[in-house]
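The block underneath contains the structure these notes are about, expressed in structure tokens.
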Amino acid sequence: MISTKNIRFSYNKTQEFIFPDLYCEAGNTILITGDSGKGKTTYLHILAGLLKPKTGEIEIDKTNIVLLSEKATDTFRGKHIGVVFQKSHFIGALTVLENLEMASWLATGKKHTKRAKKLLEQLGIENQAFKLPSQLSIGQQQRVSIARALMNEPKVLLADEPTSSLDDKNAEKVIELLTFLSKEYKAALLIVTHDNRIKERFINKITLI
Ligand SMILES: Nc1ncnc2c1ncn2[C@@H]1O[C@H](COP(=O)(O)OP(=O)(O)OP(=O)(O)O)[C@@H](O)[C@H]1O
């Protein structure tokens with residue numbers, strides 16, 4: 001579960017963002033839409049604890065992450081928040097499987113190889129496990145990003161434009177996988193998008209204006 005109240009943020013003195021409050025239960029999905037430059041990615045980074053808002057609360061399973069120190073926020077994110085970024089950032093010298101194990105090892109000190117293999121299987125890319133990320137197609141890399149975001153069974157899964165570089169078939173598949181897996185792993189799913197192909201599929205939407 002994630003809920004926010006009264007979030008305000010600014011990069012500088014000339015522009016202030018006032019973000020709408022949101023509430024998303026485990027297993028549910030909310031789309032965050034809005035025209036380019038309205039602050040969608042900024043909002044997602046605030047929800048991930050990567051940017052600190054000027055005011056407001058972000059409650060994730062009874063913790064207001066705004067009040068945490070930088071170090072405590074990093075630890076909290078590692079354990080409870082999964083992020084699928086617009087561009088995948090993998091460790092290039094490690095295989096797909098090792099990248100997943102690393103995500104878990106950094107957060108918990110354990111590799112959780114079984115979980116990594118299960119996720120790759122659920123995402124239909126188990127045969128890519130021993131390749132380097134750079135040897136995968138963009139669509140396959142996007143799936144590895146989803147697997148990595150779910151490795152620590154997060155309470156919240158945040159996805160920034162997860163379909164923007166995908167063709168119709170892959171976009172459809174990625175959205176199906178995100179919603180299916182967020183339900184299975186009982187994560188609240190927030191998707192930032194301006195992709196019209198997926199806007200119609202969801203009832204719960206927040207539009208930044
Ligand atoms: N690091 C930064 N420093 C200063 N301004 C920034 C920074 N990052 C983003 N901005 C500005 O904040 C505004 C919102 O950017 P953001 O990327 O959150 O929008 P967006 O809605 O995600 O846009 P898009 O749909 O084009 O990705 C933009 O005007 C952008 O120039």
Side-chain angles (χ1 to χ4, degrees), residues 2-24 28-60 64-66 68-74 76-78 80-90 133 137-139 141-146 148-150 154 156-168 170-175 177-179 182 187-209:
I2 179 169
S3 70
T4 73
K5 261 189 225 147
N6 193 30
I7 301 288
R8 287 170 184 247
F9 176 84
S10 46
Y11 288 108
N12 48 51
K13 284 180 187 151
T14 54
Q15 188 183 26
E16 185 183 49
F17 296 96
I18 302 174
F19 292 108
D21 295 351
L22 64 79
Y23 177 83
C24 189
N28 286 353
T29 304
I30 293 181
L31 287 198
I32 300 172
T33 64
D35 292 339
S36 177
K38 293 295 179 188
K40 300 182 297 296
T41 296
T42 302
Y43 196 23
L44 200 88
H45 286 185
I46 292 169
L47 299 176
L50 294 163
L51 292 171
K52 204 59 130 182
K54 280 203 308 199
T55 67
E57 293 170 25
I58 301 166
E59 194 185 310
I60 297 174
N64 178 4
I65 66 164
V66 175
L68 300 178
S69 68
E70 202 174 314
K71 192 161 176 271
T73 305
D74 288 342
F76 188 90
R77 184 186 320 108
H80 303 299
I81 305 173
V83 190
V84 181
F85 290 102
Q86 237 169 352
K87 272 195 92 187
S88 318
H89 303 277
F90 299 112
S137 72
I138 300 293
Q141 289 183 23
Q142 194 66 319
R143 291 180 198 201
V144 180
S145 285
I146 296 170
R148 183 179 54 185
L150 285 164
V156 178
L157 182 57
L158 306 171
D160 194 0
E161 302 282 6
T163 55
S164 60
S165 52
L166 303 179
D167 59 29
D168 289 354
N170 273 304
E172 178 75 19
K173 190 79 194 155
V174 158
I175 288 302
L177 288 167
L178 272 172
T179 45
S182 64
L189 172 62
L190 304 182
I191 304 175
V192 158
T193 189
H194 61 243
D195 189 339
N196 285 322
R197 295 174 299 183
I198 63 171
K199 276 188 200 165
E200 285 107 50
R201 288 184 53 134
F202 294 92
I203 304 163
N204 299 325
K205 286 174 219 162
I206 286 178
T207 305
L208 303 187
I209 44 173

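Note that ligands are numbered from 1 as they come in the structure, with each ligand's atoms numbered from 1 the same way. Along the sequence shown, residues are numbered consecutively beginning with 1. These numbers were taken from a predicted model, which means no experiment stands behind them.
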Exercise. When rounded to the nearest 0.5 angstrom, what is the spacing between OG1 in T42 and CG in L208?
Worked result: 9.5 Å

For this session: Select all protein residues for which some heavy-atom-to-ligand 1 distance is less than 4.0 Å, and list them by chain and number.
Result: Y11, F17, D35, S36, G37, K38, G39, K40, T41, T42, H194

For this session: Could you tell me the separation between the CD1 atom of I32 and the OH atom of Y43, rounded to the nearest 0.5 Å?
Result: 6.0 Å

For this session: Would you please test R201 and E172 for salt bridge (charged side-chain N to carboxylate O under 4.0 Å, His left out) and show each step?
Result: CA-CA 10 Å; R201 288 184 53 134; E172 178 75 19; 2.6 Å; yes

Exercise. Short question: side chain of D21, backbone of N6 - any donor-acceptor pair under 3.5 Å?
Worked result: yes

Exercise. Looking only at heavy atoms, which two atoms of I65 and I46 are closest? And how far apart?
Worked result: CD1-O, 4.4 Å

Exercise. Judged by atom type as modelled, is there a donor-acceptor pair below 3.5 Å linking the side chain of R197 to the main-chain atoms of A171?
Worked result: no

